[in-house]
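Report on one structure; see the data block that follows.
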Protein chains: 2
Amino acid sequence: MSEQLRTDRADRRPTRQRTAIAEALSGTAEFRSAQEIHAALARRDERVGLATVYRNLQAMAGDGEVDVIRTADGEAVYRSCATDDHHHHVVCRSCGLAVEVTGDAVERWAEAVAAEHGFTEIRHTVEIDGLCAACAAARTR
Amino acid sequence: MSEQLRTDRADRRPTRQRTAIAEALSGTAEFRSAQEIHAALARRDERVGLATVYRNLQAMAGDGEVDVIRTADGEAVYRSCATDDHHHHVVCRSCGLAVEVTGDAVERWAEAVAAEHGFTEIRHTVEIDGLCAACAAARTR
DNA sequence: ACGCAGTTTGACAACGGTTCTCATCTAGGA
DNA sequence: TCCTAGATGAGAACCGTTGTCAAACTGCGT
């Protein structure tokens, strides 16, 4: 009846395509869009259908293997997240420079504030953007 | 956040459409998509083109009159933000229930962590989602 | 009030990312 | 090896958003 949110992947086969996608992601610590991954695989002669890339990325996201965030223009970008600790980014609105930051404080706050309202299975998205020092300087008039 | 908040935009004309859009937004404290606003206006016999809704929403967002966030499926949603204090939402993944929460702690953390890396003109987006008590209960059986 | 010039609007086409369809293929157990 | 449920791929469909451009409108000077 309720088969939502399964954490096991017993029902997912290790196919060539799936492996290629997982590797493409684990190869970098940056966020990459489905289209970028598809292009990267093609460049590497790994012929994988675009739909397959989307499907697997979504499946992996559902299983918590990868993080997903949305860029400012609505494109979904994925990043392998099993490797390192949970962290966030501070992104420069002007040049795109991204700095990783950890935030135990936020994690705890999110948990606390959600629990306070009876919510469970909390997840959160924290995006910080601003102007990096260089861009701010270039912009001064 | 030391940005001059102009109430008048010298370079933007107050048209019937623009006013209608602004009112549609200020009428609620919730986030609404461009399409929803367009539909709401139509229902109210305010004939405004969809493209116009998008254009104005973007212009208002650019001027800092409204906040924009992306829903999980990539749709842009807008909320009037001049009226009340800055706050965030805890949303139920299952039923969509949204609870408003304030978070001075996060605001300060965002400022601090960003400044630490030389960033200025900080903005942040914090989205928390989970399962509300009701949905969690419904799911356990 | 009138006319002009620059904005803004609206209907619709175009676009781009994502999802769906379905015939075909494949992994893995019998 | 054979079978079968799950996986794939090519392309169409989908849908939110953006671009196009002639027509309508606004602010401003006259």
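Throughout, protein chains are lettered first and strands after them, A, B, ... in sequence-line order, and every chain is numbered starting at 1. Source: prediction; values computed, not measured.
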Q. Looking only at side-chain N and O atoms, does A:Arg55 come under 4.0 Å of OP1 or OP2 in C:dC20?
A. no
Q: Using atom CG of A:Leu50 as one end and atom P of D:dA12 as the other, report the distance to the nearest whole Å.
A: 14 Å
Q: Could you check how far CD of B:Glu75 sits from C1' of C:dT18, rounded to whole Å?
A: 14 Å
(Q) By the definition side-chain contact (heavy atoms from CB on, under 4.5 Å), identify the one residue from A:Leu25, A:Asp67, A:Thr28 that meets it with A:Ser80. (A) A:Leu25
Q | Any B:Arg18 side-chain N or O less than 4.0 Å from OP1/OP2 of D:dC25 | A | no
Q | Under 4.0 angstrom between A:Arg16 side-chain N/O and D:dG9 OP1 or OP2 | A | yes
**Q.** Whichever of B:Tyr78 and A:Val53 has its nearest DNA chain D nucleotide further upstream toward 5'
**A.** A:Val53
(Q) Strictly below 4.0 Å: does B:Thr52 bring a side-chain N or O up to OP1 or OP2 of C:dG10? (A) yes
Q: Provide, to the nearest angstrom, the distance between the CD atom belonging to A:Gln58 and the C1' atom belonging to D:dT8.
A: 15 Å
Q. Can you check side-chain hydrogen bond (donor to acceptor under 3.5 Å, both in side chains) on A:Tyr54 and A:Gln35, steps first, answer last?
A. CA-CA 9 Å; A:Tyr54 275 104; A:Gln35 310 264 357; 2.9 Å; yes
Q: Indicate whether OP1 or OP2 belonging to C:dT8 is found under 4.0 Å from a side-chain N or O atom of B:Gln17.
A: no
Q. Got a donor-acceptor contact below 3.5 angstrom from the B:Glu36 side chain to the B:Ser33 backbone?
A. yes
Q. To the nearest Å, how far apart are B:Arg47 CZ and C:dG10 P?
A. 8 Å
Q) A:Asp73 near the nucleic acid: base, sugar-phosphate alone, or nothing, with a heavy-atom cut-off under 4.0 Å? A) nothing
Q. With no hydrogens and no angle check, is any side-chain donor or acceptor of B:Arg32 less than 3.5 Å from a backbone partner on B:Ala24?
A. yes
Q) C:dG17 P sits how many Å from A:His38 NE2, rounded? A) 12 Å
(Q) Under 4.0 Å from OP1 or OP2 of C:dT19: is there any side-chain N or O of A:Tyr54 that close? (A) no
Q.
Rounding to an integer number of Å, can you tell me how far A:Leu57 CG sits from C:dT18 P?
A. 9 Å
(Q) Expressed as a whole number of angstroms, how long is the span from A:Asn56:CG to C:dT18:C1'? (A) 15 Å
Q) Between A:Met60 (CE) and D:dA7 (P), how many Å, whole number? A) 14 Å
Q.
For C:dT9 and B:Thr15 - does any side-chain N or O of the residue sit under 4.0 Å from the phosphate oxygens OP1/OP2?
A. yes
Q.
side-chain hydrogen bond (donor to acceptor under 3.5 Å, both in side chains) for B:Arg55 and B:Thr52? Distances and angles first, verdict last.
A. CA-CA 5 Å; B:Arg55 268 191 301 250; B:Thr52 300; 3.2 Å; yes
